[in-house]
Amino acid sequence: MTYQAGPGGFSTISPFTYEALPTRVLFGSGTRAQVAAEAARLDLSRVLVLHGPPHAGVARQCESELGARYAGTFDGARMHTPVEVTEIALEQVAKQGIDGILAIGGGSTTGLAKAIALRTDLPQIVLPTTYAGSEMTPILGETRDGLKTTLRSLKVLPETVIYDIDLTMDLPAALSGVSGMNAMAHAVEALYARDANPIIQALALQSVRALARALPVISEQPLHREARGDALYGAWLAGICLGTVGMALHHKLCHTLGGTFGLPHAETHAVILPHALAYNAPAIPEVMRQLCEALDVTHDAPAALHAINRKIGAPAGLSALGMASDGISRTVELALANPYWNPRALARDELMQLITDAWRGDAPRSYPGTD
Ligand code: NAD
């Protein structure tokens, strides 16, 4: 009798390694009311609250609920975590005898909390307000003199993450869409990671399903509570994927485009994802089959992601994000200069096609070997 491997394609004897990351997660609506209880649980007595401009009101509420455990506030986080901002915040940490951090915001605010934790080992409670996923990873990207570097350390992994759907209700529709595609990219690349494993594949497919269902709805009805819940749930799972397994071509290209040309993070991820997946498709037929199922299409997962981009009103291409055309060959050179693992070998001509298509805002093409 022949025996078929399970839906993940892993038979029981395929070896793999899985390492769970120890973050405590609270998920729901109104969960931010548990900030003070979580601070007590972590035995924090002097909490520094980090937030960006949209969350001043929520920050004031958390400060008052923290009561005697509240010590100070810092609202100067910036995108890509510049070290000069971290140094200013660290002065405040020292001056106010801070023993824990509460970060309320997107990946930029979380990045500052992580940068402080790297240098002080202070415990972090994070209330995410976008779908970036940084709160679930032991990864920190920092910028020094305009150069962005990335490191991995368990010191930067938040101790507690409180997902409160209410905090995402006012994330503007356009930003919600591209931020959700940023999460989608973590889940998609986890499916074909070099160190992929069946646990992460299951989470990744669940994440793709939730995001694909929710994002077009949120774009039309930003206050749709169930869709907001699904999107945040999908983003949480995507964050676990990003934190647990290695990423490939898509994330490397976005890192280069963000670092070298200062392109906006979430928008760049949305634009590149269909093209990077199309590039890898010939090398990962089983993943493409699973993705089609999760995206509820019969074939061509990259086209399905491109269609979601159109539905959510993502920027048409890298040119629409302000990249000049001479950036195309520069991106390819940089991608080839630092070799990294990818399921399909990197070929200069095809990478030029990929970045040119993404620059123009064209639909993703098929690469040799694709069905
Ligand atoms: P962001 O945190 O910069 O937020 C984008 C904008 O949206 C900001 O102006 C912010 O004030 C606003 N905003 C956030 N939440 C809002 C809300 N609920 N309502 C209204 N406005 C809101 O952007 P991001 O995409 O969340 O994060 C990007 C940063 O995170 C980048 O620096 C990226 O490198 C980093 N990141 C890191 C990791 C990691 O694992 N280390 C993962 C993903 C992203």
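Each ligand, and each atom within it, is numbered from 1 in the order the structure gives.
Nearest approach of A59 to I104, heavy atoms of both residues: CA-CD1, 3.7 Å.
Salt-bridge formation is detected for the pair E142/R119: a Lys NZ or Arg NE/NH1/NH2 atom is positioned less than 4.0 Å from an Asp or Glu carboxylate oxygen. Looking at R69 and D99, no side-chain N of the basic residue comes within less than 4.0 Å of a carboxylate O on the acidic one, giving no salt bridge. Here R209 does not pair with E293 in a salt bridge; the nearest charged N to carboxylate O distance is not below 4.0 Å.
Shown in contact with L167 at under 4.0 Å from a heavy atom are these atoms of ligand 1, numbered in order with element: 18 (N). Close approach to K114 involves these atoms of ligand 1, each under 4.0 Å from a residue heavy atom: 39 (C), 40 (O), 41 (N). Each of the following atoms of ligand 1 lies closer than 4.0 Å to a heavy atom of G107: 2 (O), 24 (P), 26 (O), 27 (O), 29 (C), 30 (O). For ligand 1, the atoms sitting less than 4.0 Å from at least one non-hydrogen atom of D170 are 17 (C), 18 (N), 19 (N), 20 (C), numbered in the order shown with element in parentheses. For ligand 1 and G106, the ligand atoms under 4.0 Å from any heavy atom of the residue are 2 (O), 26 (O).
Within the 4.0 angstrom cut-off, atom 9 (O) of ligand 1 has no protein heavy-atom neighbours.
Residue T137 touches ligand 1 through its side chain alone, judged by heavy-atom distances below 4.0 Å. Only the side chain of P54 comes within 4.0 Å of ligand 1, judged by heavy-atom distances. Contacts between L242 and ligand 1 below 4.0 angstrom, taking non-hydrogen atoms only, involve the side chain exclusively. Contact annotation for P172 and ligand 1: only side-chain heavy atoms (C-beta onward) come within less than 4.0 Å of the ligand.
When only modelled atom types and interatomic distance are considered, E19 and T244 share no side-chain donor-acceptor pair under 3.5 Å. In the model, R41 has no side-chain atom that pairs as donor or acceptor with a side-chain atom of T160 under 3.5 Å. Looking at R78 and T143, their side chains never bring a donor and an acceptor atom within 3.5 Å of each other. A donor-acceptor contact closer than 3.5 angstrom is absent between the side chains of E38 and Q34. Side-chain contact annotation: H275 with H250, donor-acceptor N/O pair under 3.5 Å absent.
For atom 1 (P) of ligand 1, the nearest protein heavy atom (residue, atom name, distance) is S108 OG, 3.4 Å. With respect to atom 41 (N) of ligand 1, the closest heavy atom belonging to the protein is I139 O, 2.9 Å. Annotation: atom 32 (O) of ligand 1 to nearest protein heavy atom, H80 N, 3.1 Å. Here the protein heavy atom with the shortest distance to atom 15 (N) of ligand 1 is T129 OG1, 2.7 Å. The protein heavy-atom contact nearest to atom 34 (O) of ligand 1 is K148 NZ, 2.7 Å. Regarding atom 7 (O) of ligand 1, its nearest protein heavy-atom neighbour is L175 CD2, 3.1 Å.
The heavy atom nearest to atom 23 (O) of ligand 1, out of those in M169, M79, H265, is found in M79.
In this structure, H55 has a heavy atom closer than 4.0 Å to ligand 1. At least one heavy atom of S134 sits closer than 4.0 Å to an atom of ligand 1.
Residue T81 places no N or O, backbone or side chain, under 3.5 Å from any N or O of ligand 1. Checked by distance only, ligand 1 and A132 stay at 3.5 Å or farther apart across all their nitrogen or oxygen atoms. For a threshold of 3.5 Å applied to N or O pairs, the pair formed by T130 and ligand 1 contains at least one separation below that value. Ligand 1 has no N or O atom lying under 3.5 Å from any N or O atom of T168, backbone or side chain. Close N/O approach between T109 and ligand 1 is not found [any backbone or side-chain N/O within under 3.5 Å].
Judged by distance alone, with hydrogens and angles left aside, the side-chain atoms of D230 form no donor-acceptor pair with the main-chain N or O of A210 at under 3.5 Å. With hydrogens and angles ignored, the 3.5 Å screen pairs a side-chain donor or acceptor of K114 with a backbone N or O of T137. Remark: the backbone N or O of G243 is paired with a side-chain donor or acceptor of R152 at under 3.5 angstrom. No donor-acceptor pair closer than 3.5 Å links the side chain of S207 to the backbone N or O of L237.
The aromatic rings of W236 and Y163 sit tilted, their planes meeting at an angle between 30° and 60°.
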